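Read through the structure below, which is laid out as structure tokens, and then see the notes.
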Amino acid sequence: MPRPRKCRRVCDYPQTLVFAPVGGNKQETLNMTVDEYETIRLIDGEGYSQEQCGRQMEISRTAVQLVYASARKKLAKVLVEGLTLSIGGGDYQLCRGDGGCRACGGCYKYAISRKYEKPKGDGIMRIAVTYEDGQVFQHFGHTEQFKVYEAENGKLSNDMSVISGGNASGGKSVGKFENDRSYCQIKINVPSDGIYDIVIRSMGIGGSKENDIYTDGKKVGTFTSENNIFSDYTVSAVSLTKGDHNIRIIESWGWIELDKITVKTGAKISNSTYNVTSSLVNRNATANTKKLYSFLKDSYGKYVITGQQCDGGINGNEFKAIKNLTGDYPALLGLDLMDYTPSRTAFGASSSAVEKAIEFANKGGIVTFCWHWNAPTEYLNSTANSSDGWWGGFYTQSSKFDIAKVMNGQDAKGKKLLDRDIKEIAKQLKRLEKAGVPVIWRPLHEASGGWFWWGAKGSDAYKKLWKYLYNELTNTYGCNNLIWVFNGQSADWYPGDEYVDIVGEDIYPGNHVYDPQVSRFKQAINYGSKTKITALTENGCIFDIDSAVSINALWCWFMTWGGEFTVNGSNYSEKYTEKSVIQKMYASKHSLTLGSLPKIY
């Protein structure tokens, strides 16, 4: 699912904390948390979209949806029943007054901080490219001479500042990219049509940051700036035609110092990338599981398997909308074992995901499962039906479950409950095995982000949990229908080749961003020592299939998330992927849909 950020940032405390009906007879008071109030202020008061609200508050779109829905429900109850509304508490952090908020211009702390800010001056940014006789060359081996672009050769937004000193090239960098208007643009010239890599050297201010890079108005990637240290990040395989191009860095999270950009020769993904010789890590895998894995290996690098997360299965809104638009269904159905977790069923949650999977498999489709694993009820911060309660019990912020203590033997109670949950999920997986359905199994996903409890205590605890889960499901319960997908999003969190069949990346690049995400693809293929299949296990936008083919970056499959990423009600939504892009994907000879899947088993 779309990742939540680690905190909920609020611009300032509400000016009014209690609202009461005139002449009301009821004494009951309903409390709205400060972060719930902030979603109302931003979305309904300021006209923000949910995506913009998420960026402002540093939380995910999904978290915004949950918090906003809770706030609106409380408002409705107050209005309909004539209750008193109080505002207070919640999980939030007030703006620190340095401009990090996208809309804190009216915040008194921001006004004070601006008073003492360094005066702005002409920006200096450096871009290093291979250069000789007035011409930029496509590879560094041609010449030892580099050209550095100073401020007078580029264009900066008026709000940018020059930062002197430190370890930046030439002793100066550009910052701070603090609002929507912030940018730095440099014109370059390349001598021929080709594929280029763009290396961004930057440093995060107050933590690691992510920001966007565009060429000629088209987003080509997102780069990471490490906290308080200048480091390089390569946006790979950018296609450029001969001539002039504008490179522009635009604020997304903002708050970075930008040192320089290097443009150098890139290359297509090597065909050897797709030469997977590994066998399944579980030697006792069922015949159907082996057949599915063999099919994935054979198709990898030749085709992209179309996928869609859809709780309703083949008859769900997302699948029906795609069928109506493209004439075919996705080949891969994404489902979640979340509502089989004991700490959810205890509050009335139920699921038919296993039945949906069997139905789709019987129609010739492929099934993948993730597991938003709720922390045990005893460890939840709240049992309310809200994002902070049991409903969002898989989030770090929603529980006190310490997986490091559990895995180190310091929490016997937690270990017992962990085993209880695994046993219940094993039961559901065995139902699928009995029905002959192999599962592309993606547990413990997005761990390195820290927003889920299984990633909250670092990589060591996570890897112990991964290995323990593998051994329990494989050896204790004999779940032999699983193809194990590591989706930890970092090489440091990789548990080892002997526990992983496939590597997955989850990428939500924004609206109408159709780049094949080659940088993340190249990152993922190098996690292990053995060549593994690499898949786009969650995505917001569908990438452009022609662009992917042109640079030979063929993810094994993509898995578009459900809800607003695909539909508006029962109709297809173009909010993230325009109709023409998904139609081209489903019609491409390089993609596999349900109708074009061969008989696998």
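For the numbers below, each heavy atom of this structure counts, side chains included, while hydrogens, waters and symmetry mates do not. All values derive from a computational prediction rather than experimental measurement.
Considering only heavy atoms from C-beta on, Val437 stays 4.5 Å or farther from Asn288 through its side chain. A 4.5 Å side-chain heavy-atom check between Asp193 and Leu240 finds every atom pair outside the cut-off. Counting heavy atoms from C-beta outward, Thr368 and Leu333 have side chains that stay 4.5 Å or more apart. Using a 4.5 Å heavy-atom cutoff, the side chains of Val235 and Val199 are not in contact. Between Ile366 and Ile600, the closest side-chain pair of non-hydrogen atoms falls below 4.5 Å. Using a 4.5 Å heavy-atom cutoff, the side chains of His445 and Gln489 are not in contact. Using a 4.5 Å heavy-atom cutoff, the side chains of Phe295 and Leu592 are in contact. You'll find the side chain of Tyr214 stays beyond 4.5 Å of the side chain of Val220, heavy atoms only.
Residue pairs meeting the salt bridge (Lys or Arg N to Asp or Glu O under 4.0 Å) criterion with at least one partner in residues 476-486, sequence neighbours excluded, do not occur; the list is empty. Counting only residues at least two apart or on different chains, the side chain to side chain donor-acceptor pair (under 3.5 Å) pairs with a member in residues 424-436 are Glu355-Arg431, Glu424-Gln428, Gln428-Arg431, Lys430-Glu433. Counting only residues at least two apart or on different chains, no ring-ring contact (aromatic ring centres under 6.0 Å, His included) pair has a member in residues 577-601.
For the residue pair Lys415/Tyr468, the side-chain donor-acceptor check at 3.5 Å is satisfied. A donor atom on one side chain and an acceptor atom on the other are not found under 3.5 Å apart for Gln50 and Tyr68. No side-chain donor-acceptor contact under 3.5 Å links Gln583 and Glu578. For the residue pair Asn271 / Asn552, a side-chain donor-acceptor distance below 3.5 Å is found, with atom types taken as modelled. No side-chain donor-acceptor contact under 3.5 Å links Ser550 and Ser547. A donor and an acceptor atom, one from each side chain of Asn568 and Ser573, are nowhere located under 3.5 Å apart. Between the side chains of Gln308 and Tyr329, no donor-acceptor pair of N or O atoms lies under 3.5 Å. A donor atom on one side chain and an acceptor atom on the other are not found under 3.5 Å apart for Gln309 and Glu318. For the residue pair Asn317 and Ser570, no side-chain donor N or O sits within less than 3.5 Å of a side-chain acceptor on the partner.
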Taking it one step at a time, do Asp497 and Ser529 satisfy side chain to side chain donor-acceptor pair (under 3.5 Å)?
-> CA-CA 7 Å; Asp497 289 332; Ser529 59; 2.4 Å; yes
Any chance you could lay out the ring pair (Phe, Tyr, Trp, His ring centres under 6.0 Å) test for Phe369 and Trp441, step after step, and finish with the verdict?
-> CA-CA 5 Å; Phe369 272 93; Trp441 175 232; 7.4 Å; no
Kindly determine whether Gln517 and Glu505 satisfy side chain to side chain donor-acceptor pair (under 3.5 Å), including the steps that lead there.
-> CA-CA 10 Å; Gln517 304 296 328; Glu505 292 286 289; over 6 Å; no
Can you check salt bridge (charged side-chain N to carboxylate O under 4.0 Å, His left out) on Asp501 and Lys532, steps first, answer last?
-> CA-CA 7 Å; Asp501 293 309; Lys532 300 283 185 179; 5.4 Å; no
Side chain to side chain donor-acceptor pair (under 3.5 Å) between Ser272 and Ser270, intermediate numbers included | CA-CA 5 Å; Ser272 63; Ser270 170; 2.8 Å; yes
Please lay out, stage by stage, how Asn374 and Thr341 fare under the test side chain to side chain donor-acceptor pair (under 3.5 Å).
-> CA-CA 6 Å; Asn374 255 43; Thr341 312; 5.9 Å; no
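Scanning for ring pair (Phe, Tyr, Trp, His ring centres under 6.0 Å) contacts around Trp390 gives Phe347, with sequence neighbours left out. In terms of the side-chain contact (heavy atoms from CB on, under 4.5 Å) criterion, Ser279 has no residue partners (sequence neighbours excluded). For Lys463, there are no salt bridge (Lys or Arg N to Asp or Glu O under 4.0 Å) partners two or more places apart in sequence or in a different chain. Shown here are the salt bridge (Lys or Arg N to Asp or Glu O under 4.0 Å) partners of Glu359, two or more places apart in sequence or in another chain: there are none. In this structure Asp336 satisfies the salt bridge (Lys or Arg N to Asp or Glu O under 4.0 Å) test with no other residue, sequence neighbours excluded. Under the ring pair (Phe, Tyr, Trp, His ring centres under 6.0 Å) criterion, Tyr576 pairs with Phe565, not counting sequence neighbours. For Tyr300, the ring pair (Phe, Tyr, Trp, His ring centres under 6.0 Å) partners two or more places apart in sequence, or in a different chain, are Tyr274. Remark: Asn324 pairs with no residue by the side-chain contact (heavy atoms from CB on, under 4.5 Å) rule, at least two apart or across chains. Among residues two or more places apart in sequence or in another chain, the side chain to side chain donor-acceptor pair (under 3.5 Å) test is passed with Lys356 by Ser352.
The closest donor-acceptor contact from the side chain of Arg520 to the backbone of Asp506 lies under 3.5 Å. Listed for the Asn481 side chain is no donor-acceptor partner under 3.5 Å among the backbone atoms of Pro438. Of the possible polar contacts, none joining the Asp197 side chain to the Gly266 backbone as a donor-acceptor pair under 3.5 Å is found.
The CG atom of Leu473 lies 4.5 Å from the CG atom of Leu469; values are rounded to the nearest 0.5 Å. In this structure, Thr222 OG1 and Asp515 CG are separated by 9.0 Å, a value rounded to the nearest 0.5 Å. Interatomic distance, CG of Asn282 versus OG1 of Thr474, reported as 5.0 Å (0.5 Å rounding). The distance from the CG atom of Asp311 to the CG atom of Asp339 is 8.5 Å, given to the nearest 0.5 Å. Note that SG of Cys370 is 9.0 Å distant from CG of Asn487, once rounded to the nearest 0.5 Å. Atom CE of Met407 is separated from atom CG of Leu465 by 5.5 Å, given to the nearest 0.5 angstrom.
Here Trp454 and Tyr462 keep their ring centres 6.0 angstrom or further from each other. The aromatic ring centres of Tyr499 and Phe486 sit 6.0 Å or more apart. For Trp484 and Trp466, the gap between ring centers is short of 6.0 Å.
Under the 30°/60° scheme for interplanar angles, the aromatic rings of Phe452 and Tyr395 are found to lie parallel. Taking the six-membered ring for Trp and thresholds of 30 and 60 degrees, Phe223 and Tyr233 have ring planes inclined between 30 and 60 degrees apart. Between Trp371 and Trp373, the ring planes are parallel. Angles under 30° get that label, and only those over 60° would be called perpendicular.
Shortest non-hydrogen contact noted between Pro495 and Val500 is CG-CG2, 3.7 Å.
Ion pairing between Glu226 and Lys209 fails under the 4.0 Å rule for side-chain N and carboxylate O.
Around the NZ atom of Lys302, the shell of radius 6.0 Å holds more than 12 heavy atoms that belong to other residues, nucleotides or ligands.
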